[in-house]
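Report on the following structure.
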Amino acid sequence: MKTVKTILEVRNQVQAWKKEGYSIALVPTMGYLHEGHASLIKRAASENEKVVVSIFVNPIQFGPGEDLDSYPRDLDRDTILCENAGANLIFTPEVSEMYYVDALTTVSVNGLTNGLCGAKRPGHFDGVCTVVSKLFNIVLPDKAYFGEKDAQQLAVIKRMAHDLNFPIEIIGCPIVREEDGLAKSSRNNYLSSKERQAALILHKSLTKGKELLSAGEKSAKLLKQIIKNELESEVLAKIDYIEVVDALSLTTIDIVDKPILVAIAVYIGKTRLIDNFIWESK
Ligand code: PAF
């Protein structure tokens with residue numbers, strides 16, 4: 001496995017692979033990789049001959065006051081994880097390699113980005129769509145892999161790839177959890193041991209929600225209330241949002257009569273965590 005820092009090196013390597021007839025996968029990441037990323041890389045390696053992992057903490061998807069400067073980084077550890085998971089190339093550019101200082105172009109997806117994290121993090125999805133478009137154009141993969149933990153991001157990128165005719169299959173992979181249910185996230189690293197315990201409330205509250213749906217409840221309002229009550233039982237948790245939306249359009253719904261996405265964002269201390277599940281109505 002090789003690690004490169006320039007666009008030219010990626011292009012040359014991918015071109016050589018394509019000449020050999022190899023299929024190419026891209027797994028875009030911001031580094032500080034965990035088992036969730038490993039599952040994306042392993043899946044990519046099982047479905048493609050060559051896997052490129054990009055590691056780039058993308059400054060333009062962070063808002064003012066967010067954690068850009070403190071975002072955890074550890075390239076040595078990431079390199080081992082990538083190698084073990086079956087990656088063939090790491091692309092880890094500097095900011096100056098990715099962004100021209102006089103760049104004037106931003107990629108925006110409308111509508112799908114209005115609610116959920118889009119409402120709470122203005123400009124975030126423009127930053128994500130812009131960097132992912134650039135990575136798609138740099139790597140020119142056949143398939144690209146994203147985690148379902150960022151459910152809105154996955155929906156937005158699928159739509160962007162469709163609308164802009166990227167000839168790339170976008171593949172979503174299931175959330176990977178710790179044994180006690182906490183969804184794996186690079187941001188879990190910020191949690192003190194007390195906060196780590198408190199963070200279990202995200203998964204617990206969603207489990208309560210699932211139980212209610214399994215019992216046949218159809219009211220989105222009631223579903224949100226049950227999740228809210230559970231989250232409020234944890235003193236260290238501060239709710240950012242609880243949303244019940246149509247799984248495809250991401251618009252809010254009142255009655256659960258089609259596939260829905262139940263998504264939450266919760267501050268545990270200063271750390272903002274997200275979690276979700278998809279419910280296919282019977
Ligand atoms: O999900 C992430 O880690 C990032 O949003 C992504 C897709 C790598 C773009 O910077």
Side-chain angles (χ1 to χ4, degrees), residues 5 7 10 25-41 43-44 51-63 66-75 77-78 81-82 85 87 89-99 103 105-109 112-113 116-118 120-139 141 143-161 164 166 168-176 183-190 263 265 271-276:
K5 291 182 91 68
I7 293 168
V10 178
L26 171 65
V27 182
T29 81
M30 297 206 302
Y32 215 74
L33 306 177
H34 48 68
E35 280 306 308
H37 298 108
S39 77
L40 301 181
I41 300 168
R43 169 95 181 262
V51 179
V52 181
V53 178
S54 63
I55 297 181
F56 179 62
V57 181
N58 175 34
I60 69 165
Q61 71 184 74
F62 289 79
E66 289 189 356
D67 56 344
L68 172 62
D69 294 333
S70 55
Y71 200 83
R73 296 159 212 245
D74 189 341
L75 186 58
R77 218 174 117 255
D78 289 349
L81 184 142
C82 285
L89 184 71
I90 294 177
F91 174 45
T92 174
E94 297 294 336
V95 173
S96 57
E97 179 72 6
M98 280 302 279
Y99 291 113
T105 306
T106 301
V107 180
S108 289
V109 173
L112 285 180
T113 55
L116 304 152
C117 290
K120 298 290 176 175
R121 304 182 67 190
H124 169 68
F125 284 114
D126 287 359
V128 170
C129 288
T130 303
V131 81
V132 171
S133 302
K134 286 169 73 73
L135 290 166
F136 283 178
N137 282 327
I138 292 164
V139 178
K143 294 181 180 162
Y145 295 78
F146 296 87
E148 288 173 354
K149 182 159 100 41
D150 294 289
Q152 187 177 20
Q153 170 172 282
L154 178 60
V156 167
I157 288 170
K158 277 188 176 161
R159 188 56 188 253
M160 177 191 81
L164 297 183
F166 280 108
I168 298 170
E169 194 183 335
I170 309 300
I171 294 169
C173 302
I175 297 176
V176 177
K184 300 244 183 193
S185 164
S186 306
R187 289 189 168 100
N188 292 347
N189 183 57
Y190 298 142
T271 306
R272 184 176 180 277
L273 300 176
I274 57 173
D275 203 345
N276 71 72

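All ligand and atom numbering here is 1-based and tracks the order in the structure.
- Listed by atom number, the atoms of ligand 1 under 4.0 Å from Pro28 heavy atoms are 8 (C).
- Taking 4.5 Å as the limit, some side-chain heavy atom of Leu81 sits within range of a side-chain heavy atom of Ile41.
- When each of Arg272, Arg121, Arg187 is tested with Asp67 by the rule salt bridge (charged side-chain N to carboxylate O under 4.0 Å, His left out), just one qualifies, namely Arg187.
- Side chains of Tyr71 and Asn58: no donor on one and acceptor on the other come within 3.5 Å.
- Looking at atom 10 (O) of ligand 1, its nearest protein heavy atom turns out to be Gln61 OE1, 2.6 Å.
- Scanning all protein heavy atoms for the shortest distance to atom 3 (O) of ligand 1 gives Met30 CG, 3.6 Å.
- A salt bridge is absent between Asp275 and Lys149; no separation between the charged side-chain nitrogens and carboxylate oxygens falls under 4.0 Å.
- At a heavy-atom distance under 4.0 Å, no atom of Ile157 approaches ligand 1.
- For ligand 1, one of its N or O atoms has an N or O atom of Gln153 under 3.5 Å away.
- Residue-ligand proximity, Val131 to ligand 1, at heavy-atom distances under 4.0 Å covers atoms 9 (C), 10 (O).
- Although no hydrogens or angles enter the test, the distance criterion places no donor-acceptor pair under 3.5 Å between the side chain of Glu94 and the main chain of Lys5.
- Looking only at distances, no side-chain donor or acceptor of Asp126 sits under 3.5 Å from a matching main-chain atom of Ser108.
- Taking every heavy atom of Thr29 and a limit of under 4.0 angstrom, the matching atoms of ligand 1 come to 8 (C).
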